[in-house]
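Since this is a predicted model, take the numbers as computed values, not measurements. Note that the numbering runs from 1 along the sequence shown for the chain.
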Amino acid sequence: MVSKAVDILLLGNPALRVVASPVELFDELTFRREREQLYATLLEFRKRNNFGRAISAPQISCGKRLIAMHLNGEGHFIVNPEITWASKEHFTMWDDCMSFPSLLVRLERNRSISVHFQDESGHHHDWNRLDIAMSELLQHEIDHLDGILAIDRAIDRDSIILRDTFAVMPELFRRLVDYEISASKGLNQAS
């Protein structure tokens with residue numbers, strides 16, 4: 001049975017602020033359905049909005065530490081992720097989110113991180129010293145698992161803007177950040 005996409009929770013929904021619980025039973029039918037539903041929702045959002053690399057389970061009212069990603073044309077799952085190292089070097093960027101798709105948030109992230117996680121079968125993995133694109137993506141998604149939203153990390157009161165405003169004056173806003181996700185690599189998409 002193919003899972004159907006569900007609605008993504010929007011900014012203001014208190015369920016986005018709940019800290020997700022670790023996944024403990026990997027062979028459970030419920031967990032398989034939750035994974036399928038999360039990934040189907042990601043694909044549907046991408047189809048409708050032309051952006052979106054990853055989504056965290058709390059964004060669809062699933063309180064588990066689960067992330068679905070669509071990278072290089074393939075689906076991936078990260079379960080129970082933990083950041084095990086973060087670079088001292090930071091960068092600024094305009095971040096976006098499926099839970100507030102009309103907004104962009106200027107924030108600061110670690111340039112590189114290392115992550116320990118499990119795959120959908122429960123096997124342990126380590127990704128060490130990730131590149132900037134994957135680092136910023138996973139920091140965003142792991143924040144969701146901890147009930148933290150990108151708007152919480154805004155640099156200042158002028159760092160939350162409408163996507164439409166950015167589109168009218170992109171050069172002005174690009175000068176305010178160190179890094180922009182490269183559209184040429186297919187990564188110019190919300191988290």
Side-chain angles (χ1 to χ4, degrees), residues 11 16-17 19-20 22 42 46 50-59 65-119 123-163 165-167 169-191:
L11 180 64
L16 289 171
R17 299 303 191 163
V19 176
L42 172 60
R46 289 172 55 85
N50 294 317
F51 68 91
R53 294 176 289 158
I55 186 170
S56 292
Q59 291 179 271
R65 298 189 76 78
L66 169 65
I67 298 167
M69 300 188 306
H70 186 82
L71 303 171
N72 301 318
E74 296 179 4
H76 304 274
F77 295 99
I78 293 182
V79 185
N80 300 329
E82 298 174 46
I83 295 174
T84 57
W85 171 85
S87 67
K88 292 180 182 176
E89 185 178 5
H90 294 85
F91 66 95
T92 56
M93 67 176 290
W94 289 104
D95 201 0
D96 53 9
C97 182
M98 293 178 186
S99 290
F100 39 91
S102 63
L103 298 178
L104 293 173
V105 180
R106 187 167 58 112
L107 49 71
E108 184 177 88
R109 298 264 187 216
N110 296 88
R111 186 167 193 82
S112 180
I113 62 171
S114 296
V115 178
H116 176 81
F117 67 96
Q118 292 169 274
D119 61 25
H123 298 109
H124 291 266
H125 301 273
D126 290 290
W127 286 347
N128 294 310
R129 298 184 183 261
L130 293 166
D131 66 27
I132 194 169
M134 187 62 79
S135 289
E136 66 85 10
L137 175 64
L138 288 178
Q139 287 173 81
H140 179 105
E141 299 305 334
I142 291 169
D143 272 354
H144 271 298
L145 301 179
D146 293 329
I148 300 168
L149 302 177
I151 58 165
D152 301 332
R153 298 199 182 275
I155 291 173
D156 57 29
R157 70 182 192 141
D158 296 324
S159 293
I160 299 174
I161 62 171
L162 291 170
R163 186 181 293 275
T165 303
F166 183 95
M169 301 178 277
E171 293 311 314
L172 168 72
F173 293 112
R174 285 185 175 125
R175 285 193 298 266
L176 299 175
V177 297
D178 307 318
Y179 173 75
E180 184 174 5
I181 299 168
S182 172
S184 65
K185 294 182 181 178
L187 298 176
N188 193 12
Q189 302 157 355
S191 303

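Annotation: the span from L162 atom CG to L103 atom CG amounts to 6.0 Å, rounded to 0.5 Å. Of the inter-residue distances, the one linking I78 atom CD1 with H116 atom NE2 reads 12.0 Å to the nearest 0.5 angstrom. Rounding to the nearest 0.5 Å gives a distance of 11.0 Å between CG of L66 and CD of Q59. With rounding to the nearest 0.5 Å, the separation of CG in L11 from CG in L16 is 7.5 Å. With values rounded to the nearest 0.5 angstrom, I67 atom CD1 is found 12.0 Å from R53 atom CZ. Note that the CE atom of M69 and the CG atom of L42 stand 10.0 Å from one another [nearest 0.5 Å].
Taking both residues in full, the closest heavy atoms of V105 and A150 are given as CG1-O, 3.5 Å, listed atom of the first, atom of the second, then distance. Here the closest non-hydrogen pair linking S135 and L130 is OG-O, 3.1 Å. Contact detail for F117 and P81: the closest heavy-atom pair is CB-CA, 3.9 Å. When every heavy atom of R17 is checked against every heavy atom of I148, the shortest pair comes out as NH1-CA, 4.2 Å. The minimum heavy-atom distance linking E74 with H76 is given by the pair O-CD2, 3.4 Å. In this structure, A54 and L137 approach most closely via the heavy-atom pair CB-CD1, 3.7 Å.
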- Go through the steps to decide whether R109 and D95 satisfy the test salt bridge (charged side-chain N to carboxylate O under 4.0 Å, His left out), and finish with yes or no. CA-CA 10 Å; R109 298 264 187 216; D95 201 0; 3.2 Å; yes
- Task: Apply side-chain contact (heavy atoms from CB on, under 4.5 Å) to the pair V115 and T84, showing each step before the final yes or no.
- Result: CA-CA 5 Å; V115 178; T84 57; 5.9 Å; no
- Just do the side-chain contact (heavy atoms from CB on, under 4.5 Å) check on C97 and L149 with the steps written out, would you? CA-CA 9 Å; C97 182; L149 302 177; 5.5 Å; no
- Run the side-chain contact (heavy atoms from CB on, under 4.5 Å) check on D143 and Q139 step by step: do they pass? CA-CA 6 Å; D143 272 354; Q139 287 173 81; 5.5 Å; no
- Message: Using the rule given for side-chain contact (heavy atoms from CB on, under 4.5 Å), can you reason through D146 versus R65, listing the C-alpha separation, both sets of side-chain angles and the distance that settles it, and then say yes or no?
- Response: CA-CA 9 Å; D146 293 329; R65 298 189 76 78; 3.0 Å; yes
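Between D96 and P101, the closest side-chain pair of non-hydrogen atoms is not below 4.5 Å. Side-chain contact check for L107 versus M93: some heavy-atom pair is nearer than 4.5 Å.
Note on ring orientation: taking the six-membered ring where Trp is involved, the planes of W94 and F166 are perpendicular (angle over 60°, cut-offs 30° and 60°).
The only option from D158, D178, D156 that meets the salt bridge (Lys or Arg N to Asp or Glu O under 4.0 Å) definition with R106 turns out to be D156.
Within the 3.5 Å criterion, the main-chain N or O of R111 finds a donor-acceptor partner in the side chain of S87. In this structure, the side chain of D131 engages the main chain of A133 through a donor-acceptor pair within 3.5 Å. No side-chain donor-acceptor contact under 3.5 Å links E141 to the backbone of L138.
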